[in-house]
K.L.:
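Provided herewith is a single structure, encoded as structure tokens, for subsequent inquiry.
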Amino acid sequence: MKMYNFRNDYSEAAHPAVLAAIAAHNDEHVIGYGADDYCANAARLIKDLCRCPEADVQFLIGGTQTNFTAIAAFLRPWESVICAQTGHINGHEGGAVEATGHKLVQAAAGPDGKLTPELILPLVEAAADEHLTLPRLVYISDATESGAVYTLAELEALSACCKANNLLLFLDGARLGAAFGAAENDVTLPDLARLTDAFYIGGTKNGALMGEALVIVNPALQEGFFRIKKQRGGVLAKGWLLGLQFQTLLEDGLYWTIARHAVDMAHALQSGLEAMGLPMMSRSASNMVFPVVPDRLLPVLDRLCTYEVWTRQDADHTVVRLVTSFATRSADVEGFLSDLKAAL
């Protein structure tokens with residue numbers, strides 16, 4: 001019986017177009033550390049797509065590194081970060097942000113993992129005592145860790161709240177492609193450039209070998225960023241590889257096309273599982289699916305596919321996470337659902 005791969009969206013190496021571009025330029029001798037034409041071209045392309053010529057675009061290797069480097073650069077030593085308790089920086093990054101000296105102030109977000117002004121404002125008010133750290137940055141993810149996407153109205157409300165309370169708004173876009181590929185999405189790159197102080201376009205989870213493109217919109221946060229990126233180990237000697245990958249993914253819209261494909265595959269997977277009577281922890285809009293599985297069926301899943309255990313639902317049920325990617329084929333989804341139905 002075939003083993004289907006739904007563990008995550010970065011197990012495959014890269015989209016064939018990315019590999020072809022690297023191979024085509026493999027014999028070139030290129031200046032290092034991101035001071036090359038590929039990075040410059042990719043940065044110009046991103047600024048054009050964002051309609052934000054004054055932005056600073058910085059390429060880093062991975063999401064965790066981008067998160068802790070940006071937060072360390074943006075905050076003073078006594079300032080802290082407001083994030084959802086389910087946020088990636090809180091639950092999946094080994095204390096990387098805290099290791100830079102910045103406390104995470106957790107908001108009790110709902111199942112969708114979204115932050116709202118109503119969740120943020122009490123945390124700001126509670127920190128009025130100068131003996132406490134001062135919340136200065138709000139961290140959100142789009143898509144969230146539970147697969148939800150922010151609407152334009154939600155981001156506008158968050159942005160207004162942050163501006164009114166002297167807070168920076170930073171958006172983790174490790175799965176931004178999947179968020180933009182969701183049917184519910186009405187946000188654009190120019191919207192992000194208008195509403196946030198900084199955000200990033202994730203490559204690692206959408207067709208690149210590795211790499212994230214951090215877009216620093218707020219001019220006050222731009223000065224000296226390369227130096228802290230270097231200090232934190234984020235400057236790749238072969239930095240042209242990052243620029244070339246983003247140039248390849250973005251110049252003809254490939255990035256968005258393959259992200260929509262991953263979302264379409266996830267929706268087919270989600271609908272098929274629901275048709276078999278498996279409920280969802282929450283209905284995901286992006287490329288992640290969270291079925292609630294009776295524990296007695298976990299050995300069946302183990303034989304059929306790779307996946308991640310997400311959380312316990314109750315004494316007899318487990319929530320698992322299935323993730324699709326640019327490399328997921330319709331035949332993979334259909335074959336898995338057929339084999340699972342037969343096994344059940």
Side-chain angles (χ1 to χ4, degrees), residues 1-12 15 86 88 91 109-114 141-151 154 174-187 205-207 256-344:
M1 186 173 290
K2 179 177 178 178
M3 175 68 74
Y4 300 93
N5 297 309
F6 298 116
R7 183 181 303 280
N8 53 51
D9 41 14
Y10 46 88
S11 286
E12 294 87 3
H15 189 276
T86 53
H88 202 273
D112 61 8
K114 295 182 185 180
S141 302
D142 197 24
T144 70
E145 284 64 39
S146 55
V149 301
Y150 281 90
T151 66
E154 290 168 337
R175 289 193 172 94
L176 188 63
F180 278 23
E184 294 87 341
N185 178 67
D186 59 353
V187 178
K205 295 175 180 176
N206 193 39
W256 313 109
T257 300
I258 63 176
R260 283 193 297 272
H261 169 79
V263 172
D264 289 344
M265 294 298 96
H267 285 183
L269 184 59
Q270 186 166 240
S271 297
L273 292 170
E274 288 178 324
M276 289 184 209
L278 292 176
M280 298 294 128
M281 178 188 74
S282 59
R283 220 164 188 283
S284 171
S286 62
N287 67 323
M288 297 178 285
V289 179
F290 299 90
V292 180
V293 180
D295 290 346
R296 60 184 173 78
L297 298 184
L298 290 177
V300 176
L301 277 189
D302 291 339
R303 292 195 301 271
L304 289 178
C305 70
T306 59
Y307 64 92
E308 288 191 3
V309 171
W310 197 246
T311 188
R312 295 291 302 172
Q313 179 78 357
D314 55 39
D316 301 310
H317 294 80
T318 298
V319 178
V320 303
R321 188 187 74 167
L322 308 175
V323 187
T324 56
S325 76
F326 72 88
T328 304
R329 301 173 303 163
S330 295
D332 296 326
V333 174
E334 293 166 3
F336 167 71
L337 292 173
S338 176
D339 288 351
L340 179 60
K341 185 175 181 180
L344 295 181

K.L.:
Starting at SG of Cys305, measure out to CZ of Arg7 and round the result to the nearest 0.5 Å.
P.N.:
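Separation between the atoms: 9.0 Å.
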K.L.:
Taking Arg175 as the fixed residue, which of Asn206, Asp9, Asp142 is the one that meets the side-chain hydrogen bond (donor to acceptor under 3.5 Å, both in side chains) rule?
P.N.:
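Option passing the side-chain hydrogen bond (donor to acceptor under 3.5 Å, both in side chains) with Arg175: Asp9.
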K.L.:
For residues Arg321 and Asn8, determine if any side-chain heavy atom of one lies less than 4.5 Å from a side-chain heavy atom of the other.
P.N.:
yes
K.L.:
Under 3.5 Å, is there a donor on one side chain and an acceptor on the other for Asp186 and Thr151?
P.N.:
no
K.L.:
Is any side-chain heavy atom of Pro111 closer than 4.5 Å to one of Met281?
P.N.:
no
K.L.:
Rounded at 0.5 Å granularity, tell me how far CE in Met288 sits from OG in Ser282.
P.N.:
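Reported to 0.5 Å precision, the distance equals 9.0 Å.
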K.L.:
How far does CD of Glu334 sit from CE of Met265, to the nearest 0.5 angstrom?
P.N.:
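Glu334 CD to Met265 CE: 8.0 Å, rounded to 0.5 Å.
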K.L.:
Check the pair Asp316, Arg296 against salt bridge (Lys or Arg N to Asp or Glu O under 4.0 Å), reporting the backbone distance first and the verdict last.
P.N.:
CA-CA 8 Å; Asp316 301 310; Arg296 60 184 173 78; over 6 Å; no
K.L.:
Under the criterion side chain to side chain contact (heavy atoms under 4.5 Å, CB included), I'd like the reasoning laid out for Tyr307 against Leu298: C-alpha separation, chi angles, the key distance, then a yes or no.
P.N.:
CA-CA 10 Å; Tyr307 64 92; Leu298 290 177; 4.0 Å; yes
K.L.:
What distance separates Phe290 CZ from Leu322 CG, expressed to the nearest 0.5 Å?
P.N.:
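Taking CZ in Phe290 and CG in Leu322, the distance rounds to 9.0 Å.
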K.L.:
Would you please test Leu278 and His317 for side chain to side chain contact (heavy atoms under 4.5 Å, CB included) and show each step?
P.N.:
CA-CA 11 Å; Leu278 292 176; His317 294 80; over 6 Å; no
K.L.:
Could you walk me through whether His267 and Val263 pass side chain to side chain contact (heavy atoms under 4.5 Å, CB included), step by step?
P.N.:
CA-CA 6 Å; His267 285 183; Val263 172; 3.7 Å; yes
K.L.:
Over all heavy atoms of both residues, which pair between Ala179 and Ala143 is shortest? Give the atoms and the distance, please.
P.N.:
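Closest approach of Ala179 to Ala143, heavy atoms only: CB-N, 3.5 Å.
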K.L.:
Below 4.5 Å, heavy atoms only, C-beta onward: do Thr144 and Thr86 meet side chain to side chain?
P.N.:
no
K.L.:
Kindly assign one of parallel, tilted or perpendicular to the pair Trp256 and Phe180, based on the angle between their ring planes and the thresholds 30° and 60°.
P.N.:
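It falls in the parallel class, under 30°.
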